[in-house]
Structure formats: C-alpha cells, structure tokens
Amino acid sequence: MTVYNLPAAIWKLSKLKCRGPEPYAACVQKLMLFCEDAQARNLSNAVYGLCTAPATITWQHQAALQQQLVPAFVAKLSTAIAQSVSNVLYGMADSGQRLPEEVVRQLVAAFVGQLQHAKTQAVSNTLWAVAKIAGAVTSGQLQQLLGAFITMLQHATPQAVSNTLLAVATMEQRVSAGQLQQLLGAFISKLLQAAPQAVSNTLWAVATMEQKVPAGQLQQLLGAFVGMLQQAKPQEASNTLLACAKLRYFPQQLLAAPGLTALLLADTTQGLANAAWACGQLGHRDEQLMGALLAKTQQWLGRFEVARSRYSSSFNSQNLCNVCWAVAVLDLQQHAQQVLQLAQACSSMWSSTGEEDQRQLWQVIPCCWTFSWQGARACRAGLLTEERLQQCKTSRQQQIQQTLEEQHTKFQRAVFAAVQLLPITWQQQPQMEQLSVGRDGVTPDGALLLDIAGRTAAGVLVAVEADGPTHFRQPDGGLMGLTMYRNRALAVRGYRLVSVPYQAWNKAQRDEQREQQYLTRLFLEAGVVSGELAAQPATTQAQHAPGLKQQQQQAAPSGVSARALPPRAALPGTPQLMRPPMQPQASP
C-alpha cells in the first residue's frame, strides 16, 4: 500500500467497526514512514478513521494521533481543504481527546479561511467539535461561521441546525435574534425529518442561551416531540422538560403524555433531579409524578450507599438537593420524611456539596417548618451538625447580601414611590429589600427577601411584590413555582400580599390617577386597610406626601424595565444540565 491507500484503509476499517487491532497497527506503522510525503487530505482521513474506530483501537493509537498525525496535519494546514480540517476537529472531539488551545485556534482559522468551499455539515461539525473539546472561537469567527451556515440553510439537515445551536450554547455564546429566527424557522420547516434528540437539543440550546422564542414556535417544537415520544430516550425527555422550565413555558401537552412518567423514571439520577427541578420551577404540583421521582431517587440512594465507588460518578449532593428543593417548593407534605432523609444523605457526601446546595439545604428545613411538615423539627438535630448548618446559613446570607447590592429596577422603584403616596398610617414605614419575619411576626427569619415591606398602624404586615416577567409562565400566564411558594410562605407568616403584575402596571402607569386607583384596589383586595383607603379619593393623595409626587415621576419608567426581575422572595435552584450527546455525520 502507498501513502494514499493506507489512510483510506484505516478509515474503511473504522467504518466497518473492525475490532481486530492487527490491521490498524499494520497500516499506522507503515503510514508513519510516509508522514512527510502525505498530503493534508491523507492525514485527515487517517486521524478521522482512528478517532471514529472502536474505543480500544483509538486508545491504542493515541500517541500516534497526538504526537505524529495531528502535528503533521497542522504543518500542512495551508494546503488543507475545509472538509479535511473539519474531520480532524470532529474526530478528535468525538473520541474525547484534547487538543492544545493553539492548535484549535490554528485549525479554526484555517477552516474559516476556506469557508467559501465548506458544506453545511462541515460548518456544523466544526462548531460542535470546538464546543465539545472546550475550545473557543472569537466573536468574529463565530459570526463568519454562522453567516456561512445560514446562507446554506436550505441544504442543512435538522440535526445540523440543532448541533449548530447547541454548539453556540455550549460555548456560552449567543446568536442574534434574527439569526435565531432563521435557524428555528429552517428547523421547524423540517420537523418531519427531525429525530427526538434534535428537537430536545434545540430546545435545550435556546433555553441555555436565554433567548426569547415565540410561544407559537415553542408549541410546534413540543408538539413534534410529544408525537415522537415513543422513540425518545429518557435523557431527551428530561432535557426537554428542563428546557421548558428555563424558558418559563408550561408544556401541558408533554406533561399529559401517557408515556412521560415511565420515560423519566428510566433516566439517571441527574435526569430525575432535572425533571423534579423543572416541576418545581413550573409550579407543576403533580403528586403522582413527584412521588415516583422521589421514590426512584431513593432507590438510587440505596444503591449508592451499598456500592459508593460504582455510583459515585452519577450520584451527587446536587441531585439530592434539587429533588428536596422541588418537593419543598411544591409543599408536598406527605413526602416530608423522604425529603428529610435525602437531605440527611447530603451530610454523608459533604465534601462535594457546593454553595448552591448549601443554600438549598438551609431553606428546605425552614420550608418544612413554615408549612408545619410533620417531623421537621425532630429531624433537624440529626440532619446536619451545627458547623455545617452554619455553613448553609452563611451561604444563604451571602446570596442575600449580593441581592441587596444590586441596583433596584425602575419597575420596583416606581411601585415603591406609588406605595408611599397611599394614605396609610404606618407603624413601620415601607422599605425596599426587607427580610421576612417569622411566624412570631417580629423576628426576621431570612427565608424570603421582599421587594417592599412595612407594618400598618393596626399592626398588619404588608408585603408588596413588583412581579416582573420571571414570575409568570407561558402560555397560560400562570404563576411560576417559586412565586407560588412565596405567596404561601407569606400567608403563613401573617403577611398581606400585594402583588403588582408588570403587565397591568405597564398599562396603569400611563395615567397617574389610574395608577393610584389600581394600586389602591390591590391593597383593598389584599385586605390591608379597608376603611381609610376606601374613604379617601385618589385626588387627595398628594396632600399626604407632598414631596413624593416628583420622586414618583422621576422613578416611573415609560414602560416596564426590559431586565427580567428575579424571583427574590423565593428558593433558588439551578441544576447542572447533562449536555446531550451529538452524532453529526462526517465523511472523509
């Protein structure tokens, strides 16, 4: 065989999934003698073939790949075509091998230089490969790659579109709104040819990039996924559900699908935790589903405790904390003992517990107390040591301090100014960013951070929440799980809650009198002070606070602030997503 035949033989052995080491070894050994004479295309085929061969073959020839074949290819980059560069990047990424940052930069630059000759699949594979090996592209290169891919969208497969979006998200970058609509439009137009993985990956990518997607497009994507649910893998179902939670979209059709629960229960502990977290975020209080997820998590915990070394890579404290958090947020009191057992198990793996886990644990126990879960107090002593409990409390306090240091939104300032104009006699004047008090009505418990809080002369605790877009889900406009929890927790603590939705405020604040009338109505509906507010017309409000009218005019925006308001009076929780596997097609 010659230098032209050997790489082709390696690639075809790989394509045949040949597991015998002798043919590969013979070809590689002889090819090493001709490396200097080989063309870039020959070297690319050899790299691609070895990387896509069975894992044992790739491992046996790792040294040849890293030390001879890839360096020889890089030395001849000036003569390489785009497909050859893409195949090298894809092969190394697909086999889980690392490349020096400088080599990745050289390969990406060479590919960008050949973009006019690249095919859609090669562009998609290159982006995917760079993302998978934790490489990076400059913003300029990304725009060049995306621009080239979009011009060839009519030739792109649904999987190529999905992988492109997922690669951008994995590299923690974003596409423009126009590019997103072009990519989603092309993907949706080919939904009939898409696999469940491609639909799930697309939703996951959009959610990870935190980009807005019209409800109609989300409905089309979810409708297609539900239609192919029988062919979907467990991870694809849990990732889809998690993406919906991050997008604040309530997937009614998916949650009602008959096969969803069985699919979720077949997932890993990460998938179980992600599904539970998504239900908590969306306020989906399905006791049967949550009970099944909780029971399956306990089964995994039992296996872990018997054989820790075997399950250590798939079982961690974050999974446990996310499940506990979701059950607590949904106030599923019948599962109190199970939640406390899972929380207690976190203590046995404390070294892997992060700050977010500690914040969740700190709030799970007070949540049980808040809603009088049976056995919560009895279990506290054995749950965590005082030292670890203090660590959890410190993590929560640090988070609250960071929130206090954030600049208030225009929406929040405008509502605060309007509250001060109301003719209410206060025992404690309303203030922004106040910690909630416990059930005794006096001692701050730190469980909730309220937008605005005060106490009337009659001793009534009042919480005013400027509820921005993050408090509401699409498409039904229902409350998110965190907001539902906040409302229940405030009621138990004796607060009268005045929730000011951003949509209604945006309409009311266009007229000062309507704004005051609207806020007055909200206070009356909350039962704050029916007598004094009802007796005085809105036109007399300026007499009660003469200096505040100008302040309100300065604070009130022409529209609701574009920045999404975080659900501050709520339990935080952000699970780590499993990046879905991608299998782009590449041919030498």
Measuring from [X]:[atom1] to [Y]:[atom2], what's the distance to the nearest 0.5 Å?
X      : Y      : atom1 : atom2 : result
Asp286 : Leu293 : CG    : CG    : 9.0 Å
His284 : Met480 : NE2   : CE    : 13.0 Å
Gln252 : Cys244 : CD    : SG    : 11.5 Å
Leu247 : Gln281 : CG    : CD    : 11.5 Å
Trp505 : Leu522 : CH2   : CG    : 9.0 Å
Leu165 : Phe187 : CG    : CZ    : 8.5 Å

What I'd like to find out is whether the side chain of [X] reaches to under 4.5 Å of the side chain of [Y], using heavy atoms alone.
X      : Y      : answer
Trp204 : Thr170 : yes
Val108 : Val130 : yes
Leu222 : Thr240 : yes
Leu221 : Phe225 : no
Asn487 : Leu479 : yes
Gln503 : Phe472 : yes
Val123 : Met152 : yes
Thr157 : Thr120 : no

We want to know whether [X] and [Y] form a side-chain donor-acceptor pair, criterion being a heavy-atom distance below 3.5 angstrom.
X      : Y      : value
Asn239 : Ser200 : no
Thr126 : Ser86  : yes
Ser95  : Gln97  : yes
Gln235 : Ser238 : no
Gln318 : Asn322 : no

Donor-acceptor pair, side chain of [X] and main chain of [Y], under 3.5 angstrom:
X      : Y      : result
Lys190 : Ala156 : yes
Arg473 : Phe250 : no
Arg488 : Val329 : yes
Gln173 : Val137 : yes
Thr164 : Ala160 : yes

Minimal non-hydrogen separation, [X] against [Y], with atom names:
X      : Y      : result
Ala245 : Trp277 : CB-CZ3, 4.1 Å
Gln334 : Gln338 : O-OE1, 4.5 Å
Val175 : Gln211 : O-NE2, 2.9 Å
Tyr518 : Pro501 : OH-CD, 3.4 Å
Ala243 : Ala207 : O-CB, 3.6 Å
Leu241 : Cys279 : CD2-SG, 4.5 Å

Would you find more than 12 non-hydrogen atoms of other residues, nucleotides or ligands less than 6.0 Å from [X] atom [atom1]?
X      : atom1 : value
Glu210 : CD    : no
Lys119 : NZ    : no
Gln230 : CD    : no
Gln154 : CD    : yes

request  = Could you give me the CA-CA distance, side-chain angles and deciding distance for Leu294 and Leu342, then say whether side chain to side chain contact (heavy atoms under 4.5 Å, CB included) is met?
outcome  = CA-CA 9 Å; Leu294 192 55; Leu342 293 182; 3.3 Å; yes
Which residues pass the side-chain hydrogen bond (donor to acceptor under 3.5 Å, both in side chains) test with [X], sequence neighbours left out?
X      : answer
Ser189 : none
Ser436 : Asp445
Gln219 : Tyr249, Gln253

query = Yes or no on side chain to side chain contact (heavy atoms under 4.5 Å, CB included) for Val323 and Leu272, after CA distance, side-chain angles and deciding distance?
reply = CA-CA 8 Å; Val323 174; Leu272 294 170; 5.6 Å; no
request  = Output, in order, the C-alpha distance, side-chain angles, deciding distance and verdict of side chain to side chain contact (heavy atoms under 4.5 Å, CB included) for Arg19 and Ile57.
outcome  = CA-CA 7 Å; Arg19 296 183 178 276; Ile57 302 299; 5.8 Å; no
message = Between Asp451 and Arg486, does the salt bridge (charged side-chain N to carboxylate O under 4.0 Å, His left out) criterion hold? Intermediate values first, please.
response = CA-CA 12 Å; Asp451 286 345; Arg486 178 203 69 188; 5.8 Å; no
inquiry  = Under the criterion side chain to side chain contact (heavy atoms under 4.5 Å, CB included), I'd like the reasoning laid out for Glu287 against Met290: C-alpha separation, chi angles, the key distance, then a yes or no.
reply    = CA-CA 5 Å; Glu287 296 186 14; Met290 289 299 298; 6.0 Å; no
